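Here is the structure we will look at.
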Amino acid sequence: MFVTTADAKLEPPIITVNTVLSLLAVDYPTHKLACYVSDDGCSPLTLYSLVEASKFAKLWVPFCKKYHVQVRAPFRYFSDNPILSSYSPSGFLQEWTKMKDEYEKLCQKIEDAVQNLAPLDFSRDNVDFAHIDSRNHPTIIKVIWETKERISNGLPHLVYVAREKRPNHSHHYKAGAMNALTRISGVMTNAPFMLNVDCDMYANNPKIVLHAMCLLLGFKQEKGAFVQFPQMFYNILKDDPCESKVVEAVKKIWPGLAGIQGPFYAGTGCFHRRKVFYGSSLTDNEGNLTSERLNKGCFGNSPELIRSATQILLEENIDQPDDLSCAVDAAYHVAHSEFEHDTLWGKKVGWVYGSVTEDVLTGMKIHARGWKSIICMPEPPGFLGAAPSITHVMLIQRKRGITGLLEILFSKNCPIFATLYAKLEFRQCLAYLWILIWGLHSIPDLCYALLPAYCLITNSHFLPKVQEPALIIFAAVFLIKHLNTLHSNLDSGRSIRAWWNQLTVGPWSKILSLTASLFGVITVVFKLLGISEVTFEVTQKEQNSSSSDQEATYDARFTFDESPIFVPATALLFLHFTALVTAALGLQPPAHGVNGAGLGEMMCSVWVVLCFWPFVKGLFGEGKYGIPMATIVKSAVLALLFMHFCPKNTTS
Ligand SMILES: O=c1ccn([C@@H]2O[C@H](COP(=O)(O)OP(=O)(O)O[C@H]3O[C@H](CO)[C@@H](O)[C@H](O)[C@H]3O)[C@@H](O)[C@H]2O)c(=O)[nH]1
Ligand SMILES: [Mn+2]
């Protein structure tokens, strides 16, 4: 079980701790489990929090198992009061209260450490954390808890890992972290299956491992490379228009994919077959695994790793070390920043490098070797995470996503090649293309958003006039589109209210498109031109335990900063204001006959302004709710430039 975290500030340790606790408490023989936490931030706070959490886990895990607790992430569990029915076993309430006390103490300790109130006690290990720079440090591996006795109802192993980082070595962000974890766990415990989650995705269903094992084991012919649980969120508001997208994906697109080669790998909430990461193809029969493929050039210079990989590939019995500490030296060796040098890691072995959406890329490479993937949607959902509630975070996330997907599209990893030269099925390829070109929508979106303003300013038209019957076609398209969303909303059991939100806030998708997606496209163009590098910006995570206190509306959540990402949309708005004023006052000389702009263009222009309503509010907002002056000036300049280049209509 792998958990990744990268920054103790953006990803508060208490969130990671909750995820880890929910994993330590799953229903499965514990001596078969181990939990590894990768900390790319190399923060003593994270380690301290995990050490404290492991002490709490000794009470928490037995409590969960004794009372069959469903949600085993304490912050979620304690956010509801216990349902005390006549069935509550005697003593439950006392234990519940005690557990809640203990959890609050744990939170307090972590909070104190974060606020720098309590000195962190690393008397044994302080050498490691002295003068740590998170971008330049040696490997730190700490076995926080080790199950000595092989009993099935104890605590799983818990290991903290901060892989070596050096400024002159690319660490490949999350993909690099996953590869380091794969190797470290390979030499330490070498389980044939690996679960990975982001630090904010807790296990919401204690039976997840059993569900996944049912799908991965016990078939005569194994086909499934990984079992993906859909990415779901706990803090989605009622009638949230963003939810409708998620629901649609889960209800329609994922099951659709399941009929081809299976769902995409979503980067979190996924159980992988380890041997797939070691390069095994579906049709490889054991004979293909010659020792030549298991050499240093492939896996790197670690005899322990090669031995463990051999056991996995040949499906031999796995010899687990009696004592994890014996394996720590080997683990340090494989976590070295230079270890991957001249090996196939990141290419044919492990998570694939070359995109900030390493998940889609890695999943595609697995499908290209002929494997299938499996979707698993138990009730209650397997994993839940926090959806970003501030727009700013959403924009970063979307921009990174779009960038990563386009990186794949414009590289040798493009799925078309995988279909032509490897085993990616044609329809699966189409599915990948469908998602990879997502960001390119922003270009037509931009053109369409400019069109009405352009027409009003130059007094030309793109729509038929009111009296022309052709207008019906346009009106009908508009109507049908919205009736269709209404239908799909009602179909998935959501209210008319949700549909209305989608209609009014739905233009959000336009905002995202003309801010984040557009910048994603620009980032990729810059990368292709060799002007700049793409980096993985980690998103801010927050812990909101109950959704009821989140009555905030979407507009109220819209925050701005100096980032250039807001410039195009603001400029667009200025343009439409100018256009509408021009048209209303009839400042443009009328064009010949019926060729001028008409009601249609006006309505479209108003519609664009409505779509960007949060920006209109932003113009008048204050503090983080207002668009900064610098952005306004830049946008105004951009809008003026556009108007300058509009062809002038001269009266003749
Ligand atoms: O250098 C890094 C950067 C990130 N992470 C971890 O990567 C995860 C995802 O980062 P986050 O900022 O939360 O990005 P999201 O957009 O929420 O992530 C989605 O998109 C990513 C890229 O497609 C996938 O890797 C994730 O699994 C998927 O949840 C987090 O656990 C981070 O700690 C690292 O371990 N090392
Ligand atoms: Mn995330």
Side-chain angles (χ1 to χ4, degrees), residues 1-13 15-20 23 36-43 46 134-135 160-165 169-182 184 195-202 226 228-235 242 246 249 263-270 272 335 337 351-364 383-390 392-408 435-436 438-439 512 516 520 533-543:
M1 303 189 287
F2 301 158
V3 181
T4 49
T5 175
D7 187 320
K9 279 213 185 67
L10 295 172
E11 306 179 324
I15 294 186
T16 312
V17 157
N18 268 282
T19 302
V20 168
L23 291 180
Y36 294 83
V37 180
S38 152
D39 180 15
D40 271 350
C42 193
S43 158
T46 307
S134 67
R135 277 157 303 166
Y160 170 89
V161 175
R163 62 195 165 118
E164 184 186 40
K165 291 249 192 84
H169 271 274
S170 170
H171 64 269
H172 299 290
Y173 307 103
K174 186 178 161 193
M178 295 311 301
N179 282 339
L181 283 180
T182 306
I184 293 169
L195 160 68
N196 95 273
V197 291
D198 290 352
C199 61
D200 57 345
M201 279 265 165
Y202 66 84
F226 58 88
Q228 175 71 55
F229 289 72
Q231 226 175 340
M232 293 188 167
F233 306 96
Y234 63 82
N235 59 341
C242 306
V246 178
F264 306 137
Y265 165 42
T268 175
C270 188
H272 282 280
S337 66
W351 268 255
V352 184
Y353 301 151
S355 163
V356 278
T357 47
E358 80 301 325
D359 44 358
V360 177
L361 178 56
T362 304
M364 189 186 82
F383 298 90
L384 292 181
S389 69
I390 8 179
H392 191 76
V393 176
M394 241 165 129
L395 293 180
I396 297 184
Q397 200 173 24
R398 171 69 79 93
K399 180 181 145 212
R400 164 161 42 76
I402 295 290
T403 312
L405 296 172
L406 289 175
E407 275 182 293
I408 304 175
I435 176 141
L436 295 184
W438 188 23
L512 284 176
E533 288 276 309
V534 175
T535 55
F536 192 115
E537 291 174 72
V538 178
T539 53
Q540 168 85 51
K541 298 173 181 73
E542 57 206 312
Q543 195 177 44

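First listed ligand is number 1; within each ligand, the first listed atom is number 1. All figures in this text were calculated on a predicted structure; none of them were measured in a lab. Excluded from the calculations below are hydrogen atoms, water molecules and symmetry mates; all remaining heavy atoms, backbone and side chain alike, are included.
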Backbone or side chain, does any N or O of [X] fall under 3.5 Å from an N or O of ligand 1?
X: E11; value: yes
X: F536; value: no
X: G267; value: yes
X: R400; value: yes
X: Q231; value: yes
X: D40; value: yes

Below 4.0 angstrom from a heavy atom of [X], which ligand 1 atoms are there? Numbered from 1 as shown, please.
X: T5; value: 33 (O), 35 (O)
X: K541; value: 11 (P), 12 (O), 13 (O)
X: Y173; value: 1 (O), 2 (C), 36 (N)
X: V538; value: 3 (C), 4 (C), 12 (O)

Give me the one residue out of T268, T182, I184, V37 that meets side-chain contact (heavy atoms from CB on, under 4.5 Å) with F2.
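With F2 as partner, side-chain contact (heavy atoms from CB on, under 4.5 Å) holds for just one option, T182.
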Donor-acceptor under 3.5 Å ([X] side chain, [Y] main chain):
X: T19; Y: I15; value: yes
X: T357; Y: G401; value: no
X: D198; Y: M201; value: no
X: T535; Y: E537; value: no
X: Q228; Y: P263; value: no
X: E407; Y: V356; value: yes

Please find out if less than 6.0 Å separates the ring center of Y353 from that of Y173.
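So the answer is no for these two rings.
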What do you reckon, are the aromatic ring centroids of H172 and F536 less than 6.0 Å apart?
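Ring centroids of H172 and F536 are no less than 6.0 Å from each other.
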Taking the non-hydrogen atoms of C199, is any one of them nearer than 4.0 angstrom to ligand 1?
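Yes, that is the case, since the closest heavy atom of the residue is under 4.0 Å from the ligand.
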[X] and ligand 1 - part of the residue with a heavy-atom distance under 4.0 Å:
X: A266; result: backbone
X: V356; result: backbone
X: D359; result: side chain

In terms of side-chain heavy atoms, does N196 have a donor or acceptor partner in Y36 at a distance below 3.5 Å?
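There is no such pair between these side chains.
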Could you identify the single nearest non-hydrogen protein atom to [atom] and state the distance to 0.1 Å?
atom: atom 25 (O) of ligand 1; answer: E358 OE2, 2.6 Å
atom: atom 5 (N) of ligand 1; answer: A6 CB, 3.8 Å
atom: atom 28 (C) of ligand 1; answer: D198 OD2, 3.5 Å
atom: atom 7 (O) of ligand 1; answer: K174 CD, 3.1 Å
atom: atom 31 (O) of ligand 1; answer: T4 O, 2.8 Å
atom: atom 17 (O) of ligand 1; answer: Q397 NE2, 2.8 Å

Is there a side chain to side chain contact (heavy atoms under 4.5 Å, CB included) between L23 and L195? Walk through the geometry before answering.
CA-CA 10 Å; L23 291 180; L195 160 68; 3.8 Å; yes
Flag the pair R163 and D40 as a salt bridge only when some basic side-chain nitrogen lies within less than 4.0 angstrom of an acidic carboxylate oxygen.
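Answer for the salt bridge query: yes.
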